Amino acid sequence: MQKFCKYLLVSPAICCALLFVNTAAFAGETSGTSEINQPQVLANPDIKAENIAPDRAMAQVTSVSQFSDVQPTDWAFQALQSLVERYGCIAGYPNSTYRGNRALTRYEFAAGLNACLDRVNELIATATGDLVKKEDLATLQKLQADFSAELATLRGRVDAVEAKTAELEAHQFSTTTKLNGEVVIAIASVVSGNTVNGQEVNQNAVLADRVRLNLDTSFTGKDLLRTRLQATNLDPFSQTATFTPEGDFRFAGGNNNNGVVIDALLYQFPLGSKTGITLEANAGAIDDFTNTVNPYLDGDGGSGALSHFGTRNPIYYLANGAGIGIKHEFSDKLELSLGYLANDAANPQLGSGLFNGAYGAMAQLTVKPSNQITLGLTYLNAYRNTFFANGSGGSNNANDILENAISNSYGIEASFQPSSKFVIGGWAGLTKARVLSVTPGDADIWNYAVTVAFPDLGKTGNIAGIIVGMEPKVTSVSGSLSNAGINKDPDTSYHIEGFYQYKLSDNISITPGVIWLTAPDHNNQNDDIVIGTVRTTFTF
């Protein structure tokens with residue numbers, strides 16, 4: 001269009017005013033005698049109106065001010081003014097209206113374009129200087145001379161960018177796969193507390209790391225195949241220092257002495273515009289296909305809360321491994337998530353495999369009544385899930401009960417963000433377990449928390465967070481379990497966590513934080529424990 005306008009020596013704005021027509025008019029409308037089909041842009045006075053209803057004929061105008069329905073604030077005012085006053089090829093209705101919002105027919109467009117082309121040819125033939133003035137050409141030549149150095153520099157930069165782009169395209173890693181990574185280096189130590197369950201707490205400081213490389217592949221632009229390589233060297237403190245699963249770090253666990261293993265392998269793809277499918281081949285987790293309703297605090301250990309407990313409702317951890325997840329959005333306000341994950345899906349032995357071993361099945365309804373409020377209603381059914389023993393938190397007693405049990409868990413999660421700088425949320429979870437070992441019996445395990453997040457505190461990208469709650473606690477057991485020596489937890493331990501994630505740059509953040517456990521392992525006879533850490537995260 002620009003070349004066409006340049007050829008006609010017409011300004012782009014004027015040309016666009018002529019060429020921008022209603023698509024419906026080009027779809028097959030023809031001229032008629034009804035008002036909606038009467039010409040709106042007409043030829044100059046020499047064009048006859050014989051094809052127009054006599055009572056609808058339009059007259060040539062000499063000033064845009066003659067149109068009663070055209071205002072200086074209209075988006076095409078300048079283009080219309082130029083066509084009327086400079087080129088004289090616009091006509092209006094006898095009642096001094098232009099009707100600029102009415103649809104344009106193909107016949108009207110042809111008549112108007114022909115009128116203006118005739119006028120342009122007339123101006124060229126008479127050698128008028130109204131279109132391109134010699135003064136304008138002289139000004140352009142002077143500007144070109146004055147800015148010749150800058151233009152040459154800009155041309156050189158564009159050439160360099162084109163060369164670099166060509167080099168990147170020729171040597172890119174893959175046309176479908178992108179590499180991104182995260183490195184977590186943390187200093188951590190128990191800074192207070194001497195004994196837990198008769199064992200001496202280790203207060204030696206440690207320097208630990210966790211390295212992740214993600215190969216993210218997309219074949220259609222809407223799907224994702226993720227292959228994650230991971231190396232780490234930190235065992236949970238519950239195994240080496242505190243002797244209670246409470247307060248374990250999110251970035252710890254799976255110590256392989258920095259050997260490289262495939263940590264996660266999944267494929268996500270859409271099934272229609274409202275449904276997403278996630279296939280988990282290894283290390284699958286519910287948050288891959290479910291909203292855990294804990295914004296800013298739910299992270300992978302390199303960001304967000306420091307602990308497993310602070311990251312999300314512990315009942316979410318009851319499903320992990322390999323399987324499938326489905327998320328369907330009924331609307332912007334209602335979402336349903338379903339999932340099934342098996343803990344030992346690759347093992348064909350009796351009591352293992354995809355359907356004959358430990359598993360977790362979940363369903364969640366996520367409701368968003370407004371942009372500020374999110375609610376989650378969660379149900380999980382699990383069999384012989386050992387998650388609590390693997391770092392989700394809670395007392396040793398809760399972990400032992402769930403190690404060989406069928407459980408039904410119910411959770412409610414909520415988040416309220418009244419402003420962009422403040423979010424308050426929390427959750428409550430109840431797990432009703434049927435113990436299968438020793439003497440069968442029933443147990444109830446409760447947990448809850450209140451969370452507060454302060455996004456962009458002090459600087460864009462920073463996050464401050466506070467978590468206060470009770471990690472999974474056995475609140476009641478049946479008589480058969482009590483007779484077998486399995487009792488409820490005697491006291492209540494509180495988990496109090498605070499951290500401040502400071503963004504040093506787009507790729508580096510540092511997060512000092514502290515975790516305070518009162519009456520660890522839900523036992524007042526144990527010393528309070530305070531754990532401190534400084535987590536540094538590098539992303540690329």
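Everything numeric here is computed off the predicted structure, so don't read it as measured data.
- Of the N and O atoms on the side chains of Glu471 and Ser395, not one donor lies less than 3.5 Å from an acceptor on the other residue.
- Panel note: side chain Asp209, backbone Ile185; no donor-acceptor pair is recorded below 3.5 Å.
- Between the side chain of Gln203 and the main chain of Gly193, a donor-acceptor pair closer than 3.5 Å is present.
- Side-chain atoms of Thr374 do not come within 3.5 Å of backbone N or O of Ser415 as any donor-acceptor pair.
- Applying the salt bridge (Lys or Arg N to Asp or Glu O under 4.0 Å) test to every pair with at least one member in residues 499-526, sequence neighbours left out, gives these pairs: Lys503-Asp506.
- Contacts of Glu335 classified as salt bridge (Lys or Arg N to Asp or Glu O under 4.0 Å), with partners at least two apart in sequence or in another chain: none.
- One side chain, Ser238 or Asp248, offers a donor N or O that lies under 3.5 Å from an acceptor on the other.
- Separating the CG atom in Leu297 from the OG1 atom in Thr311 is a distance of 8.0 Å, to the nearest 0.5 Å.
- Taken to the nearest 0.5 Å, the OG atom of Ser370 stands 7.0 Å off from the NZ atom of Lys333.
- For the residue pair Asn462 and Tyr500, a side-chain donor N or O sits within less than 3.5 Å of a side-chain acceptor on the partner.
- Ion pairing between a basic and an acidic side chain is recognised when a charged N comes within 4.0 Å of a carboxylate O; Asp444 and Lys432 show such pairing.
- Taking the side-chain contact (heavy atoms from CB on, under 4.5 Å) definition, one finds that Ile463 meets it with Tyr296, Phe499, Gln501, sequence neighbours left out.
- A side-chain N or O of Asn381 and one of Tyr359 form a donor-acceptor pair less than 3.5 Å apart.
- Atom CD1 of Ile262 is surrounded by 12 or fewer heavy atoms from other residues, nucleotides or ligands within 6.0 Å.
- In this structure Thr153 satisfies the side-chain contact (heavy atoms from CB on, under 4.5 Å) test together with Arg157, sequence neighbours excluded.
- A pairwise comparison of heavy atoms in Asp456 and Gly461 identifies OD1-N, 2.8 Å as the closest pair.
- The local environment of CG in Asn371 is sparse, with at most 12 non-hydrogen atoms from other residues, nucleotides or ligands closer than 6.0 Å.
- Side chain to side chain, Thr275 and His328 meet the donor-acceptor criterion of an N or O pair below 3.5 Å.
- Heavy atoms from other residues, nucleotides or ligands lying under 6.0 Å from CD of Glu329 number more than 12.
- Side chains of Ser337 and Gln364: a donor-acceptor N/O pair is absent below 3.5 angstrom, by distance only.
- By the neighbour-count criterion of 12 heavy atoms within 6.0 Å, atom NZ of Lys459 is densely surrounded, having more than that number from other residues, nucleotides or ligands.
- The list of salt bridge (Lys or Arg N to Asp or Glu O under 4.0 Å) pairs with a residue in residues 302-324, not counting sequence neighbours, reads Asp287-Arg312, Asp298-Arg312.
- Nearest heavy atom pair, residue Ile531 against residue Gly247, reads CD1-O, 4.1 Å.
- Residues Leu80 and Val70 form a side-chain contact, since some pair of their non-hydrogen atoms from C-beta on lies under 4.5 Å apart.
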Test side-chain contact (heavy atoms from CB on, under 4.5 Å) on Asp263 and Leu229; report intermediate values, then the result.
CA-CA 6 Å; Asp263 174 61; Leu229 305 178; over 6 Å; no
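- Partners of Lys368 according to the salt bridge (Lys or Arg N to Asp or Glu O under 4.0 Å) rule, which considers only residues two or more places apart in sequence or in another chain, do not exist here.
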side-chain contact (heavy atoms from CB on, under 4.5 Å) for Ile412 and Thr378? Distances and angles first, verdict last.
CA-CA 6 Å; Ile412 181 170; Thr378 311; over 6 Å; no
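- Asp69 meets the salt bridge (Lys or Arg N to Asp or Glu O under 4.0 Å) test with no other residue; sequence neighbours excluded.
- Between the Asp491 side chain and the Asn524 main chain, a donor and an acceptor come within less than 3.5 Å of each other.
- Heavy-atom contacts from other residues, nucleotides or ligands closer than 6.0 Å to CD of Gln525 number 12 or fewer.
- At least one donor-acceptor pair under 3.5 Å links the side chain of Thr165 to the backbone N or O of Val161.
- We find the CZ-CG distance between Phe540 and Leu213 to be 5.0 Å, quoted to the nearest 0.5 Å.
- The backbone N or O of Gly259 sits nowhere less than 3.5 Å from a side-chain atom of Asn257 that would complete a donor-acceptor pair.
- No donor-acceptor pair closer than 3.5 Å links the side chain of Thr290 to the backbone N or O of Thr292.
- Heavy atoms only, all atoms of each residue included: Ile326 and Phe289 are closest at N-CD1, 4.3 Å.
- Salt bridge status for Lys473 with Asp489: absent, with no side-chain N to carboxylate O gap under 4.0 Å.
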Side-chain donor-acceptor distances from residues 265-274 under 3.5 Å, at least two apart:
unit_1, atom_1, unit_2, atom_2, d
Tyr267, OH, Asp223, OD2, 2.7
Gln268, NE2, Thr278, OG1, 3.4
Gln268, NE2, Asp288, O, 3.0

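- Listed by chain and number, the residues in a side-chain contact (heavy atoms from CB on, under 4.5 Å) with Val530 are Val191, Ser192, Val514, Trp516 (sequence neighbours excluded).
- At a threshold of 4.5 Å between non-hydrogen side-chain atoms, the residues Asp300 and Arg212 count as touching.
- Between the side chain of Asn194 and the main chain of Val201, no donor-acceptor pair closer than 3.5 Å is present.
- Going from atom NE2 of His495 over to atom CG of Asn447 covers 11.5 Å, rounded to the nearest 0.5 Å.
- Partners of Pro490 according to the side-chain contact (heavy atoms from CB on, under 4.5 Å) rule, which considers only residues two or more places apart in sequence or in another chain, are Asn523.
- Residue pairs satisfying the salt bridge (Lys or Arg N to Asp or Glu O under 4.0 Å) criterion with at least one member in residues 524-538, sequence neighbours excluded, are absent.
- A donor-acceptor pair under 3.5 Å is absent between the side-chain atoms of Asp74 and the main chain of Phe77, judged by distance alone.
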Evaluate Asn397 against Ile486 for side-chain contact (heavy atoms from CB on, under 4.5 Å), listing each step before the verdict.
CA-CA 8 Å; Asn397 192 26; Ile486 301 176; 4.2 Å; yes
Could you check Phe243 against Asn202 for side-chain contact (heavy atoms from CB on, under 4.5 Å), going step by step and ending with a plain yes or no?
CA-CA 9 Å; Phe243 309 111; Asn202 293 316; 4.1 Å; yes
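- Note that CG of Leu380 and OG1 of Thr431 are 8.0 Å apart. Values are rounded to the nearest 0.5 Å.
- Summarising the geometry, atom OG1 belonging to Thr492 is positioned 13.5 Å from atom CH2 belonging to Trp446; distances are rounded to the nearest 0.5 Å.
- Although no hydrogens or angles enter the test, the distance criterion places no donor-acceptor pair under 3.5 Å between the side chain of Asn526 and the main chain of Ala519.
- Side-chain contact annotation: Ser307 with Glu497, donor-acceptor N/O pair under 3.5 Å present.
- Remark: the Asn180 side chain and the Asp216 side chain contain an N/O donor-acceptor pair separated by less than 3.5 Å.
- In the model, Tyr340 has no side-chain atom that pairs as donor or acceptor with a side-chain atom of Glu280 under 3.5 Å.
- Among residue pairs with one or both ends in residues 396-422, those qualifying as ring-ring contact (aromatic ring centres under 6.0 Å, His included) are Tyr379-Tyr410, Phe422-Phe454; sequence neighbours excluded.
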